Amino acid sequence: MERAAATPETEKENRKKWFLLIAMLFSLAVLIISIVFLARIKGWVGRSESTTLLSIVDAETAAPEDRQQSLSFIDDEHMVDARCADDLEALLAACARVGYEPVVTAAYRSASEQRELFNVLADSYMQQGADAESARKLARQKIPLPGHSEHQLGLAVDLADGDPTKEDQTGIQSWLAAHAWEYGFILRYPEGKESLTGHGFEPEHYRYVGPSAAKQIYELDLTLEEYVSMFYSK
Ligand SMILES: [Zn+2]
């Protein structure tokens with residue numbers, strides 16, 4: 001079949017059609033991008049994956065008792081949520097490269113381990129003469145009530161310098177405070193933010209929130225509570 005020769009009119013018509021088509025596609029793309037952007041800010045999408053990394057467990061909110069999660073061993077005795085295992089390994093390796101001997105002193109704790117830890121401490125106060133109620137109160141100042149520790153999420157780790165000659169931990173702690181975010185971890189209970197986190201300063205306690213949230217939290221100097229209420233509140 002032979003194509004009819006294009007007259008200036010049909011060419012003009014064609015150009016107009018193409019222009020309209022491109023303009024429509026462009027508007028559609030802008031619309032889709034805006035919806036996705038808005039949805040991300042509002043947390044309408046990606047909630048199931050990303051917001052479970054942002055779960056807040058505190059004195060009011062307990063960790064879900066029987067949450068299905070896959071755990072990975074990071075050394076002989078500690079496990080973490082599998083989603084943060086690779087980043088934790090990379091963080092520890094980077095920390096070792098600059099001369100520290102990072103060790104994990106606490107990681108995932110099951111509900112019963114947390115309960116045990118709490119009861120042992122409460123019992124020790126009772127042995128010192130406290131009644132049951134005040135023993136629990138005293139224990140609560142040191143260890144969160146069973147169900148209320150971030151360690152039950154598998155997303156929190158306590159890190160220390162394992163070098164036995166180093167009693168002073170400030171070296172590794174300041175390195176971690178400056179670099180943990182690069183691997184998706186944040187200093188969860190910073191100094192001076194006690195009223196926001198409801199927690200005393202814990203220089204060894206790091207929480208995985210994923211790389212993009214960790215970067216924003218670090219750069220904007222936020223706590224997890226502030227970050228979640230700024231970007232994920234309903
Ligand atoms: Zn901890």
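Note that the coordinates shown come from a computational prediction; the quantities given were computed from them, not determined experimentally. For the single chain, residues carry numbers from 1 onward in sequence order. In each ligand, atom 1 is the first atom listed, and ligand 1 is the first ligand listed.
- Thr52 and Arg83 are linked by a side-chain donor-acceptor pair at a separation below 3.5 angstrom, with hydrogens and angles left out of the test.
- The name of the N, O or S atom in Asp158 nearest to the Zn ion (ligand 1) is OD1.
- A donor and an acceptor atom, one from each side chain of Arg109 and Gln152, are nowhere located under 3.5 Å apart.
- Atom NE2 is the N/O/S atom of His151 found closest to the Zn ion (ligand 1).
- Taking the N/O/S atoms of His205 in turn, the shortest distance to the Zn ion (ligand 1) belongs to ND1.
- At a cut-off of 3.5 Å, with distance as the only test, a side-chain donor of Tyr208 or Asp87 sits close to an acceptor on the other residue.
- With no hydrogens or angles considered, no side-chain donor-acceptor pair links Glu113 and His151 at under 3.5 Å.
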